[in-house]
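First the structure, in the form of structure tokens, and then the observations on it.
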Amino acid sequence: MIATVLKSGLHTTIQDLGRTGQRHFGIPQSGAADPISFALANAAIGNPPNAAALECTLNGPTIRFSAECEIALAGAPMKALLNDEALEFYRPIKVSPGDILSIGAAPIGARCYIAFASGLAGQRFLNSVSTYPPALIGGLDGHPIRADDTLSLMGLETISPKDIPTDYRPVIAHDFFLRALEGPEFEQLSEKSQRQLFSGAWTIGRRADRMGLQLEGNPLALDTHKPMASSAVFPGTVQCPADGSPFLLSVDAQTIGGYPRIAQIIAADLPLLGQMRPGDKLWFQKITPSEARDITATKSALLGAYLPGGFVR
């Protein structure tokens, strides 16, 4: 045991990079909603990129340590204190037995990551310890952490910590621009709504979690309301229900859906979904498949030292 949870925070879960290659079995990807911040937290203390960490949503937990350890923080700039002393993000932090880590609210962004040297232990399912509460798998018996839970280390081998240059740290904002491709059912939108999707501003609604984000704005119109067969969906798929309010799927999204798929966010921009919160603004920029491949390849090369697997999971 490395620590005991005193307060859980709003929704704090153990996450790694998720369960890849299982969607044909109906198993969502899960994993860190912002994999860049997650990977940078691990790199800052010399962990492998996939070492499990805590993902804190909107505010974080209070934890009492029972042994020496190193941690690192990344992502949304939540107020972080160790024994009432403010902490910096993206660098190693030594903790001692009896130390208390308190993570407060995020003034901007949605998710902060707490990485522990050698990684957190959790319930492994399909080669991942990522918590997926709807199926009670991963993490601590499939639940977000709760008061009195204990945290243990996985015991992974660590290397020298990496410096995290400022230019590599994600920019956390209230306004987001997501590059996207037309979805398979894009043509089911009226011509006016096709233009509106990629020109108007959208607001993240109150229904916003790891499953997806409800978008608020002028409703879109479908030329047809004929039922469609359930079809494959992915993190970053934008669906359009009959009421015309788009829904942007995220890391815990289902694997099939019956609403028209009107757009697909490119892989390189998916980490931004993890930092969106209710009230934030969003614009879609339409690009081509070849542009999407080039952007993703460039970004993957840039961050390859921190996220070797790239953005396609």
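- Side-chain atoms of P144 and T12, non-hydrogen and from C-beta on, never get closer than 4.5 Å to each other.
- Transitive grouping of hydrophobic side chains (ILVMFWY, heavy atoms separated by less than 4.5 Å) brings L73 and M78 into a common cluster.
- For residues 99-121, the salt bridge (Lys or Arg N to Asp or Glu O under 4.0 Å) pairs, not counting sequence neighbours, are E55-R111.
- Remark: the backbone N or O of S245 is paired with a side-chain donor or acceptor of Q214 at under 3.5 angstrom.
- Separation of atoms CG (L151) and CD1 (I114) is listed at 9.0 Å; rounding is to 0.5 Å.
- Using a 30° and 60° split on the angle between ring planes, Y306 and Y168 fall in the perpendicular class, above 60°.
- In this structure, CG in L273 is found 10.0 Å from CG in D34, a value given to the nearest 0.5 Å.
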Task: side chain to side chain contact (heavy atoms under 4.5 Å, CB included) between L156 and N47, intermediate numbers included - done: CA-CA 8 Å; L156 301 174; N47 274 345; 5.6 Å; no
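- Although no hydrogens or angles enter the test, the distance criterion places a donor-acceptor pair under 3.5 Å between the side chain of T131 and the main chain of I14.
- Cluster membership for V233 and L222, using ILVMFWY side-chain heavy atoms within less than 4.5 angstrom, is not shared.
- Side-chain atoms of S37 do not come within 3.5 Å of backbone N or O of A74 as any donor-acceptor pair.
- Inter-residue side-chain proximity for T4 and I63 is flagged as unmet; no heavy-atom pair is nearer than 4.5 Å.
- Ring pair F284/F198 is perpendicular by interplanar angle, where above 60° counts as perpendicular and below 30° as parallel.
- For the pair R261 (side chain) and Q239 (backbone), a donor-acceptor distance under 3.5 Å is absent.
- No more than 12 heavy atoms of other residues, nucleotides or ligands shown are found within 6.0 angstrom of CZ on R64.
- Side-chain contact between P235 and D252 is absent, with no heavy atoms from C-beta onward closer than 4.5 Å.
- Under the 3.5 Å distance criterion, the side-chain polar atoms of N59 are matched with a main-chain donor or acceptor of L10.
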TODO: Mind running side chain to side chain contact (heavy atoms under 4.5 Å, CB included) on L101 and L87 for me, showing each step along the way?
DONE: CA-CA 10 Å; L101 173 68; L87 299 176; 3.6 Å; yes
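- Pairs passing the salt bridge (Lys or Arg N to Asp or Glu O under 4.0 Å) check and including a residue from residues 66-84, sequence neighbours excluded, read E70-K94.
- Taking OG of S8 as the reference point, atom CG of L54 lies at 11.0 Å (rounded to 0.5 Å).
- By the 4.5 Å heavy-atom criterion applied to side chains, C240 and Y259 are not counted as neighbours.
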Open item on the list: Before you tell me yes or no, could you show the steps for R179 and K286 under side chain to side chain contact (heavy atoms under 4.5 Å, CB included), namely the whole-Å CA-CA distance, both residues' side-chain angles and the distance that decides it to 0.1 Å?
Closed with: CA-CA 6 Å; R179 291 163 289 194; K286 182 161 62 173; over 6 Å; no
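- Listed for the K162 side chain is no donor-acceptor partner under 3.5 Å among the backbone atoms of A44.
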TODO: Check step by step if side chain to side chain contact (heavy atoms under 4.5 Å, CB included) holds for I266 and I287.
DONE: CA-CA 9 Å; I266 70 170; I287 64 172; 3.7 Å; yes
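- The closest side-chain heavy-atom distance from D280 to T203 is not below 4.5 Å.
- The side-chain heavy atoms of F38 and L17, taken from C-beta on, include a pair separated by under 4.5 Å.
- The backbone N or O of D294 lies less than 3.5 Å from a partner atom in the side chain of T298, making a donor-acceptor pair.
- The backbone N or O of T288 lies less than 3.5 Å from a partner atom in the side chain of E291, making a donor-acceptor pair.
- Rounding to the nearest 0.5 angstrom, the gap separating the CD1 atom in I27 from the NE2 atom in H24 is 10.0 Å.
- Listed by chain and residue number, nothing satisfies the ring pair (Phe, Tyr, Trp, His ring centres under 6.0 Å) test with F125 (two or more places apart in sequence, or in another chain).
- The shortest side-chain heavy-atom distance between S250 and R210 does not fall under the 4.5 Å cut-off.
- No donor-acceptor distance shorter than 3.5 angstrom exists from the side chain of D269 to the backbone of L178, with no hydrogens or angles considered.
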- [ ] Could you walk me through whether D223 and Q188 pass side-chain hydrogen bond (donor to acceptor under 3.5 Å, both in side chains), step by step?
- [x] CA-CA 6 Å; D223 276 343; Q188 290 190 19; over 6 Å; no
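- Atom OG of residue S30 and atom CZ of residue R19 lie 5.5 Å apart, to the nearest 0.5 angstrom.
- Taking OG1 of T255 as the reference point, atom CG of L249 lies at 10.5 Å (rounded to 0.5 Å).
- In this structure, E187 and Q194 have side chains that are in contact, with non-hydrogen atoms separated by less than 4.5 Å.
- For CG of D175, the number of neighbouring non-hydrogen atoms (other residues, nucleotides, ligands) closer than 6.0 Å is greater than 12.
- A donor-acceptor pair under 3.5 Å is absent between the side-chain atoms of S230 and the main chain of I256, judged by distance alone.
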